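Here the structure is laid out as C-alpha cells; the discussion comes afterwards.
Letters A, B, ... mirror the listed sequences (proteins, then strands); counts begin at 1. Quantities reported herein were computed from a predicted structural model and do not represent experimental measurements.
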Protein chains: 2
Amino acid sequence: MSLPPGTPATGPGDASAVAAPPADGERPSRPVPEATVSRLAVYLRVLGELREQGVETVSSEELAGASGVNSAKLRKDLSYLGSYGVRGVGYDVSSLQERLQAELGLDHRQSVALVGVGNLGHALAGYAGFAGRGFPVSALFDVDPALVGTEIDGIVVRHVGEIPEVCAAHDVTIGMIATPGPAAQGVCDLLVRGGVQSILNFAPVLLQVPDDVEVRKVDLSVELQVLAFHVARRHTAAGVALPGETNGSVVS
Amino acid sequence: MSLPPGTPATGPGDASAVAAPPADGERPSRPVPEATVSRLAVYLRVLGELREQGVETVSSEELAGASGVNSAKLRKDLSYLGSYGVRGVGYDVSSLQERLQAELGLDHRQSVALVGVGNLGHALAGYAGFAGRGFPVSALFDVDPALVGTEIDGIVVRHVGEIPEVCAAHDVTIGMIATPGPAAQGVCDLLVRGGVQSILNFAPVLLQVPDDVEVRKVDLSVELQVLAFHVARRHTAAGVALPGETNGSVVS
DNA sequence: CGATGTGAACAGGTTCACAGCA
DNA sequence: TGCTGTGAACCTGTTCACATCG
C-alpha cells in the first residue's frame with residue numbers, strides 16, 4: 001500500500017477499467033462512492049413522491065431537504081452520474097428519476113429469494129414495500145416440514161435443499177436470509193451455489209462468502225444497542241438518573 | 001458487577017479539554033466515535049459466544065477475526081473505553097463483556113415500545129432476539145380496532161392514542177415505529193410527547209424530531225437497492241450479460 | 001517474547017465557497 | 001440572476017508500525 005507521493009487516486013482509469021463507452025455527452029461516470037449509493041435510493045423515493053404530486057422540477061435545496069441531507073452533498077452525489085441538472089433552474093423530476101433507476105439497476109429485473117419463513121421471514125415475505133418497489137419475492141424457502149409446501153401470498157414455500165437449483169433456474173439476483181443464526185451460514189452457501197451474488201442478511205452472524213459476493217447485514221439488536229448507548233450517554237451527560245431508575249443487572 | 005462508586009459522568013464539558021477526572025488508572029474515556037459504537041455491539045455478541053464455549057481469554061486478533069474487522073481497529077475501538085487488555089496475553093472475556101455492557105447502557109433497564117403491529121410489526125413483537133438480548137418489548141400500539149385489545153406474546157395491544165401516557169408511565173426509553181409511511185410522523189410525535197428519546201424507524205419516511213431525540217432508520221428497500229446497484233455494477237464490469245440475460249429488459 | 005495501546009500517515013466522505021452556465 | 005457543478009479545505013474514521021509493558 002505504499003503509494004508514492006503524488007499518486008493521483010482520482011487518476012483516469014485507475015479502478016478496474018471502467019471503460020465508459022462513448023455514449024453521448026452524458027456519462028462522466030466516475031466511481032460512485034459507496035456512501036453515495038445508499039443515498040441515491042433515498043433521493044429516488046422522494047422523487048417518486050414529488051412526481052405523484054405533479055412536481056416537474058426540483059432544486060437541489062428542495063430535494064436535499066426532503067431527503068434529509070445537505071444540498072451540497074446532494075449535488076455532489078448527483079454529479080457522479082453526470083450533469084443532469086439545469087443551472088439556474090434545478091433538476092427535471094422525471095428524467096432524474098429514470099437516471100437513478102438505471103444507476104441502481106432497477107431497469108434490470110431483480111428477482112429475490114427469501115430463506116427462513118419463520119417469525120421475521122414471514123413478515124418480510126408479505127412486506128408490500130418490496131413488490132411495490134421493484135423487488136418481487138420470487139421464491140421462499142424453509143427447513144420446517146410444517147411450513148414447506150404452504151403458500152404465502154401465492155408463493156409456495158420450498159425446502160432449503162432446493163435452493164441451488166431454484167435460484168439458478170429463476171436467475172435470482174438477491175437472496176435474503178432470515179433464519180436463526182446457526183442456520184445462516186449453511187443457507188448462505190446454498191445461495192452462493194445457486195449463483196446468487198448479493199445477500200441481505202438478517203441473522204446475527206458473520207457470513208463467510210467468496211470475494212465476488214456482496215453481503216449487507218441488518219442487525220436489529222445492534223441498532224437497539226446503539227440507541228441504548230445514546231440513552232445511557234444522555235443520562236451521564238445530563239448529570240443524573242432519569243425518573244424511576246433503580247438500575248439493576250441485565251442478563252445477556 | 002455493580003458500577004464502581006461514583007461512576008463519573010463522561011466529563012461535563014467534554015468536547016473541549018475533558019480534564020480526565022481523578023478516577024483510577026482506568027477511565028481515559030475519550031469521546032467514543034459513532035462508528036465504534038455499532039461495532040461494540042458486535043464484539044459483545046461474539047464475547048457472549050466465546051463465554052458460552054468456556055473461553056476465558058481472547059487476543060485482539062481472534063476477537064477481531066470473529067467479528068469481521070481488522071485487529072488494529074478492534075484495539076483502537078476498545079482503547080476508547082480504557083485499558084482492559086493485558087499485554088502479551090489478550091483480553092479477559094468476562095470482564096470485557098461486562099465493560100461493554102456498561103458502555104452500551106445495558107446495565108440500565110431499557111424498555112421498548114413498538115408501534116404498528118401489522119405485518120412487520122407483528123414479527124418484531126415476537127422476535128426472540130430482542131427479549132433475549134436485554135430489550136424486552138413492554139408495550140404495543142396500533143390504530144386498527146381489530147388489533148387493539150388483542151394479545152401478542154402476552155402483551156396487550158393498545159391504541160396509539162395512549163402512547164404518551166403509557167410510555168411515560170413505563171419509562172420507555174426506546175420506541176420502534178413499524179407503521180405504514182404516512183402514519184409514522186404522527187406516531188413519532190406521540191412517542192416524543194411520551195418522553196421517548198431514541199427511536200428506531202422502519203417506515204420509509206424522514207422523521208422530524210427535536211434535537212435531543214436520536215433516530216436510527218432501517219430501510220429495507222434502500223438495502224435492496226444498494227444490492228441491486230452492485231448486481232448491475234457487476235454486469236457492466238464483467239463486460240457482458242449474465243446467463244439468461246438477453247440484454248435490455250429481462251423477463252422470466 | 002508477544003500482544004496491547006497509540007501516535008502518525010492515509011483514505012474516504014463532507015462541507016465550503018465560488019466559478020460557470022442557462 | 002439563481003442554481004448547478006466542483007476544486008479545495010476539512011473532518012472522521014481506518015490502517016500502519018512501533019514503543020511499551022505484563
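- In this structure, B/Gln185 and B/Leu207 have side chains that are in contact, with non-hydrogen atoms separated by less than 4.5 Å.
- Annotation: side chain of A/Asp107 is not in contact with side chain of A/Gln101 (no heavy-atom distance under 4.5 Å).
- In this model, the phosphate group of D/dG5 is approached by a side-chain N or O of A/Tyr91 to a distance below 4.0 Å at OP1 or OP2.
- Contact check for A/Leu63 versus A/Leu47: side-chain heavy atoms found under the 4.5 Å cut-off.
- Contact check for B/Gln197 versus B/Asp212: side-chain heavy atoms found under the 4.5 Å cut-off.
- Separating the CG atom of B/Leu78 from the P atom of C/dT6 is a distance of 11 Å, rounded to the nearest angstrom.
- We find that OH of A/Tyr84 is positioned 17 Å from P of C/dA22, with the value rounded to whole Å.
- Of the residues in residues 225-233 of chain B, none has a non-hydrogen atom less than 4.0 angstrom from any atom of DNA chain D.
- Each salt bridge (Lys or Arg N to Asp or Glu O under 4.0 Å) pair with one or both residues in residues 42-68 of chain A, not counting sequence neighbours, appears once here: A/Arg45-B/Asp219.
- Pairing each heavy atom of B/Pro31 with each of A/Arg233, the nearest pair is O-NH1, 3.4 Å.
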Short N/O separations, protein against nucleotides 18-22 of chain D, under 3.5 angstrom:
| unit_1 | atom_1 | unit_2 | atom_2 | d |
| --- | --- | --- | --- | --- |
| D/dT20 | O2 | B/Arg87 | NH1 | 2.5 |

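- In terms of heavy atoms, A/Val58 sits closest to A/Val55 at CG1-CG1, 4.4 Å.
- Across residues 45-70 of chain B, B/Asn70 each have a non-hydrogen atom less than 4.0 Å from an atom of DNA chain D (numbered order).
- Heavy-atom nearest nucleotides on DNA chain C were determined for A/Arg39 and for B/Gly90, and the one closer to the 5' end corresponds to B/Gly90.
- Distance, B/Leu96 CG to C/dA3 P: 17 Å, rounded to whole Å.
- Within the structure, salt bridge (Lys or Arg N to Asp or Glu O under 4.0 Å) pairs that include any residue of residues 70-97 of chain A comprise A/Arg39-A/Asp77 (at least two apart or interchain).
- Using a 4.5 Å heavy-atom cutoff, the side chains of A/Val32 and A/Glu103 are in contact.
- Contact annotation: B/Tyr80 does not reach the phosphate of D/dG13 (side-chain N/O to OP1 or OP2, under 4.0 Å).
- Considering all non-hydrogen atoms of both residues, B/Asp189 and B/Gln208 come closest at OD1-O, 4.3 Å.
- Atoms CG (B/Leu74) and C1' (C/dA3) sit 12 Å apart, rounded to a whole Å.
- Atoms CG (B/Leu40) and P (D/dG13) sit 13 Å apart, rounded to a whole Å.
- For the pair A/Asp77 CG and C/dG13 P, the interatomic distance rounds to 10 Å; values are reported in whole Å.
- Looking at every heavy atom in both residues, A/Tyr127 comes nearest to B/Phe202 through OH-O, 4.2 Å.
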Taking it one step at a time, do B/Leu44 and B/Leu106 satisfy side-chain contact (heavy atoms from CB on, under 4.5 Å)? CA-CA 11 Å; B/Leu44 184 53; B/Leu106 303 182; 3.6 Å; yes
With B for base contact, S for sugar-phosphate-only contact and - for none (protein heavy atoms under 4.0 Å), nucleotides 7-12 of chain D reads BB----
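- Counted by atom type alone, B/Gln110 and B/Thr173 present one or more donor-acceptor pairs between their side chains at under 3.5 Å.
- In this structure, the side chain of A/Arg216 does not engage the main chain of B/Val226 through any donor-acceptor pair within 3.5 Å.
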